[in-house]
Structure formats: structure tokens, C-alpha cells
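Have a look at the structure below, then the notes.
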Amino acid sequence: MSSSSGVLGEDIMSFGNESELVPQRAVFGCENVETGDLYSQHADGIMGLGRGDLSVVDQLVDRGVISDSFSLCYGGMDIGGGAMVLGGFSPPVDMELHVAGKQLSLKPRVFDGKHGTVLDSGTTYAYLPEAAFLAFKDAIIKELGSLKRIRGPDPNYNDICFSGAGSDVSELSKSFPTVDMVFGKGQKLSLSPENYLFRHSKVHGAYCLGIFQNGKDPTTLLGGIIVRNTLVMYDREHDKIGFWKTNCSELWERLHIAGAPPPMPSTSESTNSTAPAPAGPPQHDFPGQFQVGLVTFYMSLSVKYSDLKPRMTELAQFIAQELDVNASQVQLLNFTAKGNDSLIRWAILPAGSTEYFSNATAMGIIARLAEHRVQLPDTFGSYQLVEWNIEPPPKQTWWQQHSMVVVVSIVVALVLGLSAFGGWIIWRRTQQTLNSYRPVDAVIPEQELQPL
């Protein structure tokens, strides 16, 4: 058991150099007593992201500083890092569990007991009601015929552990099955082994289940292990929650560190690195100064250049559909032959006259590309995503920045010039008229008389 007690205080809260949020006055808890894990942990405190007047999120929302949502992205088993986007919380409903593609013999309402299903970013592991846990455990063990059951690292706990899987996390899927959490309307979150396992601290190449029985409590608690390398968006304003499988550490680096990996060297075109771009209006829904003005990527298709060339417009339309953007936003940058394959470089532009993507749109495009979730018709053959990159909005030239002023100046000069010229014409005609006027009784010189 852990406990914490202290007093409430109020002070200026800063968000670090990588955030565009200016310091805000906020109420926080100042601890003077800690016990249990709260005392022994390496962290210096807990940040409350739930609902409540004292929640940091609610305080910022009430001040109109951020929208009523936030996102978390935890790094994987061997790679730390991640990202937090200050900006909801609605528990999943009608959930099912699939192990190795097979549905467990459970009724969906098993996950609705007591507090229902709670997604808790502050809890390390996951906890299931008794019936769900037993079915899950038995299904996992059934799929692990080649691995050996061993004792856990701590004799005080009856951990379920297995040896013989090897130390390479990227190879775990060869030994452990995929687990699908299926929600209402068929939407699912696929869990790779690192989303339900933790590494045995005493046996090399051994792993233990990070999903436990929640005692006799029928509540389902989904902790941080479930969303490793998953961008979780809590849209509290619309009571929705979203999951994007992605490399959280890579996402953080690409959006916040200059010098992202360069594109393929097979083309003469150059790509800017992801350097911060301070220009433009502030973005309060994503940390950091970076604004995404362009998303580029290389796609290798197993179709000959000559066969693919007349179908590029059709291909662009399919890509737009898969990335959920308008066809006008998909632009072909480079198209070359690569043996019997074709190498294409695409750019995804912001919609309309805007100069940059909203953070939600940019993250959606990046996630679909990084996770190879772009599905094309078989007529385009198989494809491979070779490289992707994000770039800030292009810097405008002096002419682009001042073109309107120059054009207006030219127009004004033309108008004034034409006005002056027109005035001069009128003046000349007036003078001619005055010079040719004579009184009625005036004598006309004989040389001006003309025969009738």
C-alpha cells in the first residue's frame, strides 16, 4: 500500500522549453508525507490527469489555455521516451478479448462490473476480473507449447513467467501470440507481446504476464503496459478515446529534434530536416515549437514504371483516401524506375490555403504511414514504405512576403499615373476649346474661311 498527504498550494506552473504553453498559475499538492512505492519510486511526484477541479487538465481547460483533451504515448519495452500532449476520458464499452485471433468464451458484460473498464495511465500493469483473467491466462499458455513455465522474480508474487523466448523484443511475436481488445462496432486495439509482458529480472530471455487478476474486484483496469508504443488520445470534450499504434520514442524525436533521418539517396531532390519553425500562430494542442507544413514519403511499388505511369492520378486518389485527406493535397514529387519496381516520392500538403497541418491531422498521417496502414488495391502490386519525413512550412521569399504590397503599389502608381495623364488630356482639350472660342460678332480672318 502507498499513501500520500500534504497541503494544497498555488504557484506558477511552467511547462518546459519544448512547450508553447506559457506559464500558468495553478493549484497543486505539496506532499510532506509519503509511504510505500510513492516514497521509493524514482519519480518526484504524480501528475493528476483525471477529471476534477484540481486536475491540471481541468485547470488549463477552465482558463481556455488548452482544448478539453490530452494524449499520452509511452515508449516500448527496451526503448524509453514518449510524448505527452496536454489537451479525456471515456471508458471503452462492449469489450472482448481475442488471443491469437480466437475470441475468448466470455460475455462482453464481464468487463462492465463495478467501475466498468478504467484506462489508468498511472498504473503500470493491467488487471482483469477473475473470469476474464483465467480465460486469458489459459489461452496464452495454450499458445506457448515451446516455452517453459518458470517461477517469477519475486517469491512474494505468483507471477506467470516463461523462458526460452530470447532477449530480442522485436522477435517476441514469434513466441507469444497477438492479443486483440475488441470494442463496440468492431473497433479493436491489437496488443503485441510487449503490451502484456514484462521482462523477468533474474532469468535471461524470460518474460512474465503483465496482466493480473484484480482480486475479487470485477473492475477492469488497463494500465500503461497496454499502451506501450501507442498514442492514446483522450477527447474529453466529445467523450471519445482513440488509439494509434506507433513508435512513441521515434514520434517524439521526429517532432522535437532537428536532423531527422534523411530521405533515400536515389533522387537528386533534397529534403529539409525537421528543424523547429517558430513562425506562425501558436499551437496549444501539441508540445514543442514544430509546425508541420509538409509530410513526404517514399513508396516502392512492385509494378513496372511504364505500367504505373498512366495510373498515377488513380494511385494518388487511393493514397488520399487511405490517409483521409483530399486528393488535391497529394502531390507527386519524384517518380523513377527501380528495376522491375517503381520508386515514388509523395508529398502531403495542408488543405486549402493553410500553411501547416493541425497537429491531430499531422499525427494521423504520420501514424498511418509509420505503421504501414495504407492499403492499396492488388492491381498496384505490393508496396513498401521506404522512408517518411516531416518538414516545416517552406520559408517565403522576399517577393512572396511582399508581393501584395508591391502589387498594390504598382496598381496605385498606375491609377495615379492614368489619372494624371487623363487630367492632362482634359486640360489640353479645354485649352483648345478656349483658344478656338470667339464672340458671335467677332471678325473671322479671311484665311480661316472655307468655301461651302
Side-chain angles (χ1 to χ4, degrees), residues 2 46-52 55 57-58 68-74 82 84-85 87-140 159-160 176-198 208-246 248:
S2 301
I46 294 177
M47 182 177 182
L49 297 174
R51 294 186 184 274
S55 165
V57 175
D58 281 83
D68 194 3
S69 65
F70 68 93
S71 301
L72 297 174
C73 200
Y74 294 158
M84 180 176 71
V85 184
F89 204 11
S90 180
V93 296
D94 297 333
M95 189 173 72
E96 301 174 355
L97 274 183
H98 294 189
V99 175
K102 291 167 282 193
Q103 181 179 346
L104 301 186
S105 57
L106 295 169
K107 295 182 179 180
R109 65 172 179 267
V110 72
F111 300 104
D112 297 334
K114 198 174 181 178
H115 300 296
T117 298
V118 179
L119 183 60
D120 185 4
S121 61
T123 298
T124 303
Y125 300 112
Y127 300 85
L128 302 178
E130 182 178 9
F133 170 75
L134 293 176
F136 169 75
K137 178 194 69 172
D138 292 343
I140 292 291
D159 290 328
I160 300 173
F176 293 90
T178 297
V179 175
D180 292 326
M181 300 179 65
V182 184
F183 305 106
K185 300 181 181 179
Q187 297 169 324
K188 70 179 180 179
L189 172 63
S190 293
L191 307 180
S192 62
E194 73 171 352
N195 292 121
Y196 63 85
L197 297 174
F198 67 90
C208 308
L209 289 185
I211 297 180
F212 305 93
Q213 179 179 331
N214 197 11
K216 296 300 180 180
D217 191 331
T219 300
T220 298
L221 183 62
L222 305 179
I225 191 173
I226 296 294
V227 290
R228 282 173 171 169
N229 277 331
T230 305
L231 178 65
V232 185
M233 300 190 71
Y234 305 82
D235 187 348
R236 307 195 311 175
E237 181 178 357
H238 301 98
D239 286 332
K240 293 183 179 180
I241 189 167
F243 302 94
W244 280 336
K245 295 292 292 184
T246 187
C248 292

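Both backbone and side-chain heavy atoms feed into the values below; hydrogens, waters and symmetry mates do not.
- Looking at residues two or more places apart in sequence or on another chain, you find a side chain to side chain donor-acceptor pair (under 3.5 Å) between Ser190 and Asp180.
- Here the shortest heavy-atom pairing between Asn195 and Ile226 reads ND2-O, 3.1 Å.
- Not counting sequence neighbours, the partners of Tyr127 by the ring pair (Phe, Tyr, Trp, His ring centres under 6.0 Å) test are Phe212.
- For the residue pair Arg228 and Glu194, the shortest heavy atom distance occurs at NH1-O, 2.8 Å.
- Partners of Asp58 by salt bridge (charged side-chain N to carboxylate O under 4.0 Å, His left out), not counting sequence neighbours, listed by chain and number: Arg236.
- For the atom pair Asp120 CG and His115 NE2, the distance stands at 12.0 Å (nearest 0.5 Å).
- Here OG1 of Thr123 is found 12.0 Å from CD1 of Ile225. Values are rounded to the nearest 0.5 Å.
- The CZ atom of Phe111 sits 5.5 Å away from atom CG of Leu106, with the distance rounded to the nearest 0.5 Å.
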Verdict with reasoning, Phe133 to Asn214, per side-chain contact (heavy atoms from CB on, under 4.5 Å):
CA-CA 8 Å; Phe133 170 75; Asn214 197 11; over 6 Å; no

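- Across Pro218 and Lys114, no two heavy atoms sit closer than the pair CG-CB, 3.7 Å.
- Residues passing the side chain to side chain contact (heavy atoms under 4.5 Å, CB included) test with Asp138, sequence neighbours excluded: none.
- Residues passing the side chain to side chain donor-acceptor pair (under 3.5 Å) test with Thr178: none are found, sequence neighbours excluded.
- The two residues Leu209 and Phe198 come nearest to each other via the heavy atoms O-CE2, 3.3 Å.
- By the side chain to side chain contact (heavy atoms under 4.5 Å, CB included) test, Pro177 is found to be paired with Val99, Ala100, Ile140, Glu143, Leu144, Tyr196, residues two or more places apart in sequence or in another chain being considered.
- In this structure a side-chain-to-backbone donor-acceptor pair under 3.5 Å is missing from Thr230 to Val232.
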